[in-house]
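Computed from a predicted model, the values in this text were never measured in an experiment.
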Amino acid sequence: MWWMLLLLTPVAFAQTQSDLKAIQDLDEELPTYNDYQSSEDEININRQGRNYQPPKKIVHFTTIVNSGTQMGAVNAGVPVRNLEDNKNYTLSRNSYIRYFNLEDENGFKYIQNKNGTVTWRILSRYVEPIKGELAMYEPPLKYTPAPDNIVRAEYDTKLSIPPEFSFYAGVAQGDYMAKLFNDTTISNGNTTQYGMHFFTQWRLPIKVGAVLHFEQTAYDGGKIKYTAPSFGPQFKTKEFEILGQPLRFQTQFRVSPLARVQAERPTGSITQKFNSADLLSSIERPIQNSWGEFVIGVFYQAQWLNMKDQSNTSTLQASNETNKSFGLSFAQVFQ
């Protein structure tokens, strides 16, 4: 037994004294792979076509609720999941939501209701955080709520007086002319009149304005011509409806110090000057057009004449005889 131990001792000593330098040099020349780690792209490429899914770390709901909240914006048409009936719904309009900072392992954000409960969840890619935008908001220094009973006064900020151009055409009944020339055959004639009207645009029931007018009436086939430029005030009511048609009344009172009659009579040519007073009333139907209003109406006018600058003696007795006329009127109001 002892002699066997004596024989092995020299051999073991010889091995410990052997030279291992060549093996160490060879080991240093070989490449090492201990520090190499695959990238995420390489891992995804290697996993293509495999059913393997890496394990996910479950995020508990209590952890999500305790992660704090922030505001976000969500566009219309985005699907959201109802946690109570486990069904998907679609937002009908753009919305602002308050959601919890931490999402679950499947990438869902949980929406906080106004009362603090949670009923909905949404994929994170549909939520746009607006924390930066809200940080730039500065509340007003002072805020006064608007009163519930706001009283608005209707009034004109400017005096608007749009022009109106009018044309009248009709027949005349010259009772005064027939008595003036002592000839009943000349009591009828034709009249044409032109006017420029101006009206205020206030909201009162009756509008006030002014009128410049020119009348030309012919009797006895044109042998007797009456002309008169006149002016005066006029009044127009607001529109009212009859059988669904908008209508209004207009009245004007005009005076003329330059009225005159030129007549060709068997005894010669006669010119007579007058002071005239005219009262014209009409009912109008306005029609809207591209310039403003086109107005169609019917009119009636009564005319009182007073002779002046009389050079010849007349036996005409004073009376209340008037010249009357009626017909159609047309006007364009520019607004």
Side-chain angles (χ1 to χ4, degrees), residues 32-158 160 201 203 239 241 244 246 288-292 335:
T32 177
Y33 299 95
N34 294 332
D35 298 332
Y36 179 77
Q37 295 182 355
S38 300
S39 64
E40 293 184 1
D41 294 337
E42 291 175 336
I43 293 174
N44 293 332
I45 293 174
N46 294 331
R47 288 176 179 171
Q48 289 181 356
R50 300 182 185 180
N51 294 327
Y52 170 78
Q53 294 293 333
K56 297 180 180 179
K57 182 180 179 182
I58 302 299
V59 182
H60 296 285
F61 183 73
T62 55
T63 306
I64 295 175
V65 172
N66 294 327
S67 65
T69 61
Q70 63 173 297
M71 295 296 296
V74 182
N75 292 328
V78 169
V80 292
R81 188 82 170 180
N82 190 292
L83 302 178
E84 295 179 351
D85 58 13
N86 203 27
K87 293 182 180 179
N88 286 334
Y89 298 88
T90 301
L91 291 178
S92 60
R93 57 185 177 85
N94 297 340
S95 304
Y96 293 103
I97 63 171
R98 179 175 293 278
Y99 63 93
F100 293 97
N101 295 322
L102 188 62
E103 63 185 36
D104 65 9
E105 64 277 5
N106 295 316
F108 282 95
K109 296 283 190 184
Y110 288 78
I111 302 174
Q112 185 185 51
N113 298 330
K114 291 183 179 181
N115 58 4
T117 60
V118 179
T119 311
W120 303 91
R121 71 176 185 177
I122 185 173
L123 284 173
S124 300
R125 66 173 179 268
Y126 295 134
V127 181
E128 182 68 26
I130 58 174
K131 184 186 300 183
E133 287 80 357
L134 292 177
M136 295 187 294
Y137 173 75
E138 294 183 3
L141 299 179
K142 184 178 180 181
Y143 170 73
T144 301
D148 295 332
N149 54 341
I150 300 177
V151 179
R152 293 181 173 88
E154 299 290 347
Y155 63 94
D156 288 337
T157 57
K158 295 182 179 179
S160 177
Q201 294 299 302
R203 298 182 180 273
E239 296 177 8
E241 287 192 3
Q288 297 292 328
N289 59 16
S290 58
W291 293 308
Q335 295 179 344

Gap separating the CG atom of N101 from the OH atom of Y110, nearest 0.5 angstrom: 15.0 Å

Exercise: identify the closest heavy-atom pair between K57 and E105: O-CB, 3.4 Å

CG-CZ distance between L123 and R125, expressed to the nearest 0.5 angstrom: 5.0 Å

Heavy-atom pair with the smallest gap, counting every atom of L102 and T63: CD2-CG2, 3.6 Å

Contact summary for Y126 and I122, nearest pair of heavy atoms: CB-CD1, 3.9 Å

Y96 atom OH: more than 12 heavy-atom contacts under 6.0 Å: no

Point-to-point distance, once rounded to the nearest 0.5 Å, from CE of M71 to OH of Y99: 9.5 Å

Heavy-atom pair with the smallest gap, counting every atom of D85 and K87: OD1-N, 3.1 Å

Distance-minimising heavy-atom pair for E103 and I64: C-CD1, 4.2 Å

Heavy-atom pair of closest approach, residues L91 and N75: CD1-O, 4.1 Å

Working for side chain to side chain contact (heavy atoms under 4.5 Å, CB included), residues E128 and V74: CA-CA 6 Å; E128 182 68 26; V74 182; over 6 Å; no

Test item: N113 side-chain N/O and N115 main-chain N/O as donor-acceptor pair under 3.5 Å: no

Under 3.5 Å: donor-acceptor pair, side chain of N106, backbone of F108: no

R121 and D104: CA distance, side-chain angles, deciding distance, side chain to side chain contact (heavy atoms under 4.5 Å, CB included) verdict: CA-CA 10 Å; R121 71 176 185 177; D104 65 9; 3.6 Å; yes

N82 vs W120 side-chain heavy atoms within contact, under 4.5 Å: yes

Gap between atom OG1 of T117 and atom CD of Q112 - 0.5 Å precision: 8.0 Å

Option passing side chain to side chain contact (heavy atoms under 4.5 Å, CB included) with F100 (candidates V118, N66, I111): V118

